[in-house]
J.: 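Have a look at this one before I ask anything.
Worth saying up front: this structure is predicted, and the values here are computed from it rather than measured. Order of appearance sets the numbers: ligands from 1, and atoms from 1 within every ligand. Only heavy atoms go into these numbers, but all of them, side chains included; no hydrogens, no water, no symmetry mates.
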Amino acid sequence: MNVLLIGGGGREHALAWKLAQSPGLDRLYAAPGNPGIARHAELVALDARDHRAVVAFAGARDVGLVVIGPEAPLVDGLADSLRAAGVAAFGPSAAAARLEGSKGFTKDLCAAAGIPTAGYRRVSSREEAALALDGVFGLPVVVKADGLAAGKGVTVATTRAQADAALDAIFADGNGEVVIEEFLAGEEASLFVLADGGAAVAFGSAQDHKRVGDGDTGPNTGGMGAVSPAPALTPELESRALAEIVVPTLAAMAAAGTPYAGVLFAGLMLTAQGPKLIEYNVRFGDPECEALMARFEGDLLGLLLAVAQGRLAALPPPVLAAETAVTVVVAAAGYPAAPRTGGVIGGIVAAAATGAHVFHAGTRADGARLVAAGGRVLAVTARGPDVTAARATAYRAIDAIDYSDGFHRRDIGLR
Ligand code: AMP
Ligand code: GLY
């Protein structure tokens, strides 16, 4: 079967690497892809926002499955356009992708279904927001812009001034949709579930490292590293999160006539009262996906196709190796505020010789040279019998990379 992969980051490189190992794969295309993905796929210049062009490409190249990596094309309905044209797609409909596309939608769903999550108010004016801060919430308090914000829409405010500043920024042009939330204390963990509109199956967990600096300091990023499985998510807590959060969510989506099919990424806070939902994402996490793929030993194409075709129940549950995977992101100087692109990257072959996978996240070929083309540049991933062994290999690989413009955290997996 021919497959088209949409996206061009570290997540998609890991998916491409794993898809390329599937016995059922004939040709893999990637749009736009990146130089790492190009080792496994033919790169095509398709704009994912141009649904007609994507559908036409799938028809012309006999594509049997389109795997949609990032959230924006899902919220934009690319999976719907493909399915309407008879092309199987891995990823939820636009209606189901509201679980990530609108924080207010998800909070209302949780409230209606009794799903544990932070207490909240939805507000659509600066005045309502001020009333909620005055009357309902103490400090810290969390302020979230409603829509997709590429990881920049959330402020955890420890002072009223910080909360006010976040609200002023969102309502700067007079309108906005905001969720104000109770602060939850605890360890965070990410849980991944594959769902095909009917059946659902757990697909591993991971712990992200969101802050830019060692010791969880500095601004939030898209993620500076990941460990899979999430150390804090015991089997008992995972079972509770599935039963109390994910299963009722999937049931509510089906009952509303918008069944969820794809991967559902539950961002959890493990509180003293048990797991609570922080947020949903409707795609694999990045860099969590890189760590998950390093542990998955099955046929990824067969699995994603079964999800897309509603045949998940007919498959044996997917198995992730009992080992630990660690992903360390190498970012461009200045990330996240103003990453300096264009820096030359060397040493990838030496890094891969350690046994680690060097996934490309934001790279570009410049003649014969490889240069940085984004904030997160590489996602170096290694597996081992425990976190210490996996960390050792990942950092040995990183130390072999020659990229003077880059930086990375030294403490991924140490927490
Ligand atoms: P998000 O962009 O929704 O993943 O949120 C970014 C980060 O903000 C999360 O990973 C949490 O660390 C933090 N966060 C979001 N909501 C809450 C909450 N209600 N309580 C505490 N921390 C939160
Ligand atoms: N690493 C967090 C995310 O992908 O949303």
J.: Establish, from distance only, whether the side-chain atoms of K107 and T117 form a donor-acceptor pair under 3.5 Å.
T.: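 Yes, side-chain donor-acceptor contact under 3.5 Å.
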J.: Just going by heavy-atom distances, which of K144, R211, E279 is nearest to atom 16 (N) of ligand 1?
T.: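 The residue whose heavy atom sits nearest atom 16 (N) of ligand 1 is K144.
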J.: Look at the rings of Y29 and F57 and say which category their plane angle falls in: under 30° parallel, 30 to 60° tilted, over 60° perpendicular.
T.: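 Geometry flag for F57 against Y29: perpendicular rings.
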J.: Using a 3.5 Å cut-off on N or O atoms only, is E181 in polar contact with ligand 1?
T.: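 By distance alone, the answer is yes.
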J.: Under 4.0 Å from a heavy atom of G285: give me the atoms of ligand 2 that qualify, with their elements.
T.: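 Once the distances to G285 are compared, the set is 4 (O).
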J.: Considering the options T221, T217, D216, which one meets the side chain to side chain donor-acceptor pair (under 3.5 Å) requirement together with R409?
T.: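 Output: one option passes, namely D216.
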J.: Among protein heavy atoms, which sits nearest to atom 3 (C) of ligand 2, and what does the distance come to when rounded to 0.1 Å?
T.: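 Going by distance alone, atom 3 (C) of ligand 2 is nearest to R283 NH1, 3.6 Å.
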J.: Strictly under 6.0 Å, is that where the ring centroids of F407 and Y335 end up?
T.: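 No - the distance between ring centres of F407 and Y335 does not fall below the 6.0 Å cut-off.
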J.: Closer than 4.0 angstrom, basic N to acidic O: yes or no for E279 and K103?
T.: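 Salt bridge present between E279 and K103.
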J.: Any idea which part of E182 is under 4.0 Å from ligand 1, heavy-atom wise: side chain, backbone, both or neither?
T.: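 Near ligand 1, E182 shows its backbone, while the atoms from C-beta on stay back.
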J.: I want to know if ligand 1 touches L184 in the polar sense, i.e. an N/O pair below 3.5 angstrom.
T.: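 Yes, there is a polar N/O contact under 3.5 Å.
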J.: Do D386 and T324 have side-chain N/O donor and acceptor atoms under 3.5 Å apart?
T.: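 Judged by distance alone, the side chains do not pair up.
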J.: Please list, in number order, the atoms of ligand 1 under 4.0 Å from a heavy atom of K103.
T.: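 With K103 as reference, the close atoms of ligand 1 come out as 3 (O).
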J.: N/O of F284 under 3.5 Å from N/O of ligand 2, yes or no?
T.: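 Such a contact does not occur with ligand 2.
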J.: Looking at F183, which atoms of ligand 1 are within less than 4.0 Å of one of its heavy atoms?
T.: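 Those atoms are 20 (N), 21 (C).
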J.: Identify, by atom number and element, the atoms of ligand 2 in contact range of F265, meaning under 4.0 Å from any of its heavy atoms.
T.: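 Selected atoms, number and element: 3 (C), 4 (O), 5 (O).
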J.: Counting heavy atoms only, name the option from V142, V179, V143, D208 that's nearest to atom 18 (C) of ligand 1.
T.: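 Nearest heavy atom to atom 18 (C) of ligand 1 lies in V142.
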J.: Any atoms of ligand 1 less than 4.0 Å from a non-hydrogen atom of A118? List them with their elements.
T.: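 Checking each atom against A118, I get 19 (N).
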J.: In plain terms, say whether R410 and D214 are close enough for a salt bridge, that is, a side-chain N and a carboxylate O under 4.0 Å apart.
T.: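 No, R410 and D214 are not salt-bridged.
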J.: Could you tell me which atoms of ligand 2, counted from 1 in the order shown, lie closer than 4.0 angstrom to a heavy atom of D208?
T.: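 Near D208, meaning under 4.0 Å from one of its heavy atoms, ligand 2 has 1 (N), 2 (C).
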J.: Does an N or O from K210, backbone or side chain, lie closer than 3.5 Å to an N or O of ligand 2?
T.: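 Not met; the criterion fails.
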J.: Just let me know how I278 lines up against ligand 1, side chain, backbone, both or neither, with a heavy-atom cut-off below 4.0 Å.
T.: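 For I278, the contact with ligand 1 is made by the side chain alone.
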J.: Does D164 come within less than 4.0 Å of R126, counting only side-chain N to carboxylate O?
T.: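 Salt bridge flag = yes for R126 with D164.
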J.: Suppose I only count heavy atoms of M269 and a 4.0 Å limit; which atoms of ligand 1 are within that range?
T.: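 In order of number, 21 (C), 22 (N).
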J.: Closer than 4.0 Å to some heavy atom of E288 - which atoms of ligand 2 meet that?
T.: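 Near E288, meaning under 4.0 Å from one of its heavy atoms, ligand 2 has 1 (N), 2 (C), 4 (O).
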J.: Is the ring centre of H13 less than 6.0 Å from the ring centre of H40?
T.: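 Under 6.0 Å, so yes.
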J.: Answer yes if the ring centres of F183 and F137 are under 6.0 angstrom apart, and no otherwise.
T.: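 For F183 and F137, the ring centres are not under 6.0 Å apart.
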J.: Anything under 30° is parallel, anything over 60° is perpendicular, the rest tilted; go ahead and classify F203 against F296.
T.: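 The arrangement is perpendicular - the two ring planes meet at more than 60°.
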J.: Considering the heavy atoms of N281, write down every atom of ligand 2 situated less than 4.0 Å from one of them.
T.: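 Result: 5 (O).
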